[in-house]
Amino acid sequence: MENTNPTIFETRPVRYRVPADVRTERMADPLFGTVFTEHMAGVRYVEGKGWHDARIQPFGPIPMSPATAALHYGQEIFEGLKAYRTPDGSAQLFRPEANARRFQNSAARLSMPELPEDIFLTALRELVAVDREWLPSAPGTSLYLRPFQIATEEYLGVRPAVEYLFGVIACPVGASFPGGEAPLTIWVSDTYTRAATGGTGAAKCAGNYAASMAAHRQARDAGCEQVVFLDAVERRYVEELGGMNLFFVFDDGTLLTPPLGGTILPGITRDSVMTLAGDAGHRVVERPYSLAEWRADAADGRLREVFACGTAAVITPVGTVRSAEGEFTISGGTAGPVTEKLRSTLTDIQYGRTADPYGWTRRLD
Ligand SMILES: *Cc1c(COP(=O)(O)O)cnc(C)c1O
């Protein structure tokens, strides 16, 4: 019997669970994205029939034709969010509806069917429930959830596919950057851009990441951990990093972040930071900010702190900015107090260590 109700997940568990001692060993300080839980969620889509065949099944290979559309034309989108262990031993998600909505927006941009929010949320809940033992409890750790959607139709013609798979996999993670919250050294790419007006910059899609890797290689060659991209038109304005948004903190308490406008990924951490900073009494402005201004403001001391933010690394200070024209440092290359305070306020809510006045968290049990 086929399962036609996409909000009821049929569970086909693994036959043998990973023994507790082996699991503990695998979960001890895993490198980001290398250790996976025992199950995955999946829901199929066929045009005319809709979403169906929702299931939780053992984590493993997805059989597919070599002519699968996603492999050729890149109809792939994804999301990233975390399940956090709370002090009372429960689990919770942070603003998962925002991820569900962004996933729909990404789908629309890539001409893919939009997954209903309740299916997205149920898949997360069901997967965390069955793999609950993989939710780590050490400080700063979490269970990273990776929803994705791919075109599965076997067809090489160029048009939106008519068959898709939505899936969710999960990995226990520790601190994202080796060295924890040590300030980043970032490279200003003068060769590559990330997104142009009318392009896919606001969609969380595989292609954006594929295109950013050449810039990342240059950054690494220059001794930097991350790339900062400038706008594609004038090559003057700061946009964001390959997978994180940027904030600038000034001596009068103002926080500045580049405006969205289609070329910047609308980060949920970015949005949360804007709210938290505003409520903490900071003036928060979204306006274009040029590399020249950045350099000048860092030199005269008006600029006090810079940080990058995103789900994986939360809030990470930027200490040094390097480019073909040389380098400059911000606040002596160390993490500043505003960055530290925002990070602790945000993570206290995410981990349930403090009350959540915003209604952002969703308990899982
Ligand atoms: C995912 C992502 C971010 C951060 O978004 P969050 O919702 O805060 O995790 C920022 N920039 C890019 C390019 C991204 O892909």
Side-chain angles (χ1 to χ4, degrees), residues 32-33 74 76-84 93-107 109-110 120 124 142-149 168 170-171 173 175-177 184 186-187 189 192-196 199-216 219 225-232 237-247 255 257-277 286 306-316 318 339 342-343 345-347 349-350 358 360-362:
F32 180 84
E76 196 274 0
I77 56 170
F78 66 94
E79 270 302 326
L81 71 164
K82 289 171 169 175
Y84 305 88
L93 299 177
F94 182 73
R95 307 185 69 183
E97 299 86 1
N99 293 95
R101 277 195 298 276
R102 188 169 66 188
F103 198 59
Q104 292 177 334
N105 293 338
S106 299
R109 179 63 187 83
L110 271 71
F120 184 94
L124 299 175
S142 57
L143 185 66
Y144 183 81
L145 300 166
R146 167 53 63 86
F148 61 97
Q149 185 173 319
V168 189
C171 13
V173 294
S176 183
F177 289 107
L184 297 170
I186 61 177
W187 173 254
S189 184
Y192 302 106
T193 58
R194 196 192 80 89
T200 57
K204 216 168 170 70
C205 61
N208 290 343
Y209 278 74
S212 74
M213 287 181 191
H216 269 284
E225 288 121 330
Q226 292 282 324
V227 186
V228 55
F229 289 100
L230 301 179
D231 77 283
Y237 296 102
V238 178
E239 298 235 299
E240 62 171 317
L241 307 190
M244 282 184 282
N245 298 114
L246 275 176
F247 279 88
L255 260 76
T257 192
L260 294 178
T263 59
I264 290 181
L265 199 288
I268 294 159
T269 317
R270 175 187 182 277
D271 186 75
S272 307
V273 163
M274 288 174 63
T275 298
L276 293 175
E286 292 176 89
V306 178
F307 63 85
C309 68
T311 296
V314 199
I315 289 177
T316 307
V318 172
T339 303
L342 285 168
R343 184 185 169 94
T345 306
L346 178 63
T347 54
I349 294 174
Q350 289 172 330
Y358 304 100
W360 281 340
T361 52
R362 297 286 173 267

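Whatever order the structure lists them in is the order used to number ligands and atoms, beginning at 1. What you are looking at is a predicted structure, and each value in this text was computed from that prediction instead of being measured. In what follows, every heavy atom counts, from backbone to side chain, and hydrogens, waters and symmetry copies are set aside.
- Between Ile264 and Pro259, the closest heavy-atom pair is CD1-O, 3.4 Å.
- The shortest N/O to N/O separation between Asn245 and ligand 1 does not fall below 3.5 Å.
- The single protein non-hydrogen atom nearest to atom 9 (O) of ligand 1 is Thr311 OG1, 2.6 Å, given as residue, atom name and distance.
- The nearest pair of heavy atoms linking Ala206 to Phe78 is N-CE2, 4.1 Å.
- Checking each of Leu184, Ile315, Leu246, Asn245 against Phe307 for a side-chain contact (heavy atoms from CB on, under 4.5 Å) leaves exactly one that passes, namely Ile315.
- Partners of Tyr192 under the ring pair (Phe, Tyr, Trp, His ring centres under 6.0 Å) rule, at least two apart in sequence or in another chain, do not exist in this structure.
- By the 4.0 Å heavy-atom criterion, Gly242 is counted among the residues contacting ligand 1.
- Those atoms of ligand 1 that come under 4.0 Å of a heavy atom in Glu240, given as number and element, are 10 (C), 11 (N), 12 (C), 13 (C).
- Among all heavy-atom pairs drawn from Gly243 and Tyr209, the shortest one is CA-OH, 3.5 Å.
- At under 3.5 Å, a nitrogen or oxygen of Lys204, whether backbone or side chain, sits near a nitrogen or oxygen of ligand 1.
- If you number the atoms of ligand 1 from 1 as listed, the ones under 4.0 Å from a heavy atom of Arg102 come out as 5 (O), 6 (P), 7 (O).
- Considering only heavy atoms from C-beta on, Arg270 stays 4.5 Å or farther from Glu240 through its side chain.
- At under 3.5 Å, not a single nitrogen or oxygen of Arg270, backbone or side chain, sits near a nitrogen or oxygen of ligand 1.
- In this structure, atom 3 (C) of ligand 1 lies nearest to the protein heavy atom Gly243 O, 3.3 Å.
- The protein non-hydrogen atom at the shortest distance from atom 8 (O) of ligand 1 is Thr269 OG1, 2.6 Å.
- For Asn208 (side chain) and Ala203 (main-chain N/O), a donor-acceptor pair under 3.5 Å exists by modelled atom type.
- Considering both main-chain and side-chain atoms, Pro266 never comes within under 3.5 Å of ligand 1 through any nitrogen or oxygen pair.
- The shortest non-hydrogen separation linking Gly267 to Arg102 is CA-NH1, 3.6 Å.
- The nearest protein atom to atom 15 (O) of ligand 1, hydrogens excluded, is given as Tyr209 OH, 2.5 Å; this is a heavy-atom distance.
- By the 3.5 Å distance cut-off applied to N or O atoms, Arg194 is not counted among the residues near ligand 1.
- Contacts between Met244 and ligand 1 below 4.0 angstrom, taking non-hydrogen atoms only, involve the backbone exclusively.
- Using cut-offs of 30° and 60° for the angle between ring planes, the Phe103 and Phe120 rings count as tilted.
- Ligand-side atoms of ligand 1 in range of Gly267: 5 (O), 6 (P), 7 (O), 8 (O), range being under 4.0 angstrom from any heavy atom.
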